[in-house]
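So that we are looking at the same thing, I have put the structure below in structure tokens.
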Amino acid sequence: EFAMWEGDQRLVGEVRSRDEARQIYDNIVRSRRDPALLEYAGKNLFQASVFPIQPHSDKKIELSYSQILAGENGTVVYRYPMGTGWRANHFAPNPPPRPLPRGRRNEQSVQPHLAMGRSISARIEIISSVPLKGIYSPSHELEIKRDGERKAKISFETSASAEQKDFQLFYNLSAQDFGASLLTYREPGKDGYFMLLVSPKAELDDRIVAAKDVIFVLDTSGSMSENAKIEKAKAALRHGVNTLNAKDRFNIISFAGEDHLLSESMVQGSDAGKRQALEFIDQMKATGGTNINDALLSALKQANQSGKFESGKRTQMIVLITDGQPTVGETQPKRILENIRQVNKSQIRLFTFGVVFDVITALLDGLANENRGTVGYIEPNEDLEVKVSSFFSKVNHPVLSDVKINWGRAQTDLVYPRITPDIFHGSQLVLVGRYRSGT
């Protein structure tokens with residue numbers, strides 16, 4: 001279906017033969033009315049002619065179509081061509097498109113809504129009768145919001161000034177607790193490439209969420225008093241404490257020139273333990289220098305002591321919240337990374353959370369990436385609640401830790417990440433690498 005909007009009026013097109021449709025369009029143009037024509041140009045390419053588009057005005061057209069998506073071994077593939085046939089920067093900005101009708105609940109429905117102009121944005125809704133597992137795009141960075149096991153809303157936005165890539169979407173369907181999808185590519189006679197996706201179910205079962213020990217390390221140095229960074233950091237820390245499970249244990253270290261601990265030993269994640277922590281957080285003030293190196297070494301020491309009698313039973317993690325500017329003690333990011341690398345022999349997970357722009361991203365990224373964690377940042381005008389809740393939903397819900405992959409007889413090489421990350425609720429494991437010809 002093809003339609004054009006004139007103000008609030010939606011004008012729906014009619015299907016005619018090519019020659020007849022072109023003649024009608026030309027006649028309307030000559031009579032100084034406003035027509036629109038959609039033509040099939042071959043090779044899955046449609047061409048739209050719209051007349052006129054006045055300077056500094058908006059013209060909205062709508063194309064609706066149905067497409068059967070290819071699926072193999074539980075993986076469904078969707079591709080939207082954006083890299084050929086047109087140049088995105090030739091389009092004027094358009095208002096947000098009218099939402100399409102929702103698909104029926106008893107079938108899979110993928111509904112893309114695209115708006116093109118100075119940027120290209122898309123909203124995709126997936127409704128499936130089978131639980132959704134991994135959702136991945138090799139072409140665009142996605143924002144994914146799940147609604148239960150069978151629905152997901154996906155969005156992305158790219159600059160129209162850059163060369164456009166065709167949008168590719170992969171998602172796999174499985175009723176199992178974990179869904180897995182393996183994608184491969186190999187040219188004849190050469191080693192191949194592969195990508196493995198593993199995703200846990202969307203709805204949490206407390207029985208499969210691993211108990212954990214968490215040590216929160218909060219920067220309370222003087223630099224955190226600027227631009228209300230300390231208040232943002234304390235709000236993030238409160239959220240992290242409140243979302244702990246009762247079977248978890250935790251502690252808090254605030255650091256500036258020296259460290260201050262909530263407790264000499266780990267605190268149970270009970271209501272009483274959380275109340276004790278919230279009172280401790282309320283009393284924090286921003287003063288002194290920033291000694292990230294010693295604070296992390298102190299946290300690793302306590303984590304090692306608390307976990308030496310419970311090896312294999314609990315996931316151990318450290319969460320660092322800071323503006324990332326070390327000013328006291330060891331201040332060189334490379335040396336801090338090396339010091340943590342030397343001490344963290346038991347591979348305790350390290351998550352980093354940077355507050356506003358002036359963080360040393362290389363340090364926070366390195367600490368997380370080298371220690372099997374993730375990193376998050378709060379920008380000055382960003383919604384704190386959304387960003388913090390997304391970050392701690394991963395940190396607080398480890399589903400599988402110490403993941404090991406049995407490749408069977410396949411000969412793999414250059415697998416990245418080199419250390420297989422843990423799998424957290426709401427996330428998925430993505431491994432890429434090479435495999436040798438003949439396997």
Side-chain angles (χ1 to χ4, degrees), residues 1-71 76-128 139-140 153-158 160 163-169:
E1 183 178 70
F2 182 58
M4 181 175 68
W5 290 77
E6 288 293 337
D8 295 333
Q9 186 179 9
R10 183 174 181 267
L11 308 175
V12 181
E14 298 179 3
V15 178
R16 300 291 182 93
S17 67
R18 177 185 294 271
D19 293 340
E20 183 183 9
R22 171 55 67 176
Q23 183 179 5
I24 295 173
Y25 176 83
D26 291 340
N27 288 338
I28 296 175
V29 171
R30 282 193 290 269
S31 65
R32 297 181 179 276
R33 289 183 292 165
D34 299 347
L37 175 68
L38 183 73
E39 299 174 280
Y40 180 65
K43 296 184 178 179
N44 294 326
L45 183 66
F46 287 87
Q47 176 177 302
S49 301
V50 181
F51 179 87
I53 301 178
Q54 301 295 339
H56 308 292
S57 67
D58 294 336
K59 181 67 70 172
K60 179 179 176 181
I61 62 174
E62 180 181 311
L63 174 63
S64 305
Y65 66 95
S66 296
Q67 175 183 349
I68 298 176
L69 302 183
V76 180
V77 181
Y78 174 69
R79 186 186 190 99
Y80 187 91
M82 299 198 302
T84 58
W86 54 276
R87 284 186 174 272
N89 55 5
H90 284 182
F91 287 84
N94 286 329
R98 183 179 67 87
L100 298 178
R102 296 176 65 87
R104 290 176 292 177
R105 294 176 63 88
N106 62 345
E107 63 183 17
Q108 293 172 36
S109 173
V110 180
Q111 300 174 4
H113 314 147
L114 276 85
M116 297 173 290
R118 286 197 270 276
S119 64
I120 298 176
S121 61
R123 302 192 304 273
I124 300 104
E125 183 176 12
I126 303 176
I127 304 173
S128 175
S139 59
H140 293 73
K153 293 183 179 180
I154 305 161
S155 60
F156 70 84
E157 183 170 352
T158 62
E163 180 182 356
Q164 296 303 319
K165 298 179 181 179
D166 289 354
F167 172 63
Q168 299 177 66
L169 178 68

Between Glu157 and Arg123, is there a side-chain N and carboxylate O pair less than 4.0 Å apart?
no
Pair Lys60, Glu6 - check salt bridge (Lys or Arg N to Asp or Glu O under 4.0 Å), show working.
CA-CA 8 Å; Lys60 179 179 176 181; Glu6 288 293 337; over 6 Å; no
Can you check whether Glu1 reaches Val12 side chain to side chain, under 4.5 Å on heavy atoms?
yes
Looking at residues at least two apart in the chain, or sitting in another chain, which of them share a side chain to side chain donor-acceptor pair (under 3.5 Å) with Arg16?
Glu14, Glu20
For Ser49, side-chain contact (heavy atoms from CB on, under 4.5 Å) partners two or more places apart
Arg22, Tyr25, Leu37, Glu39, Gln47
Interatomic distance, Arg10 atom CZ to Met4 atom CE [nearest 0.5 angstrom]:
12.0 Å
CD1/Ile61 to CH2/Trp5 distance, rounded to the nearest 0.5 angstrom?
13.0 Å
Minimal non-hydrogen separation, Gln168 against Ser139, with atom names
N-OG, 2.9 Å
By ring-ring contact (aromatic ring centres under 6.0 Å, His included), which residues pair with Phe167, not counting sequence neighbours?
His140, Phe156
Give, for atom CG of Leu169 and atom CD1 of Ile154, the distance between the pair rounded to the nearest 0.5 Å.
5.0 Å
Contact between Leu11 and Gln9 at the side-chain level, heavy atoms closer than 4.5 Å - yes or no?
yes
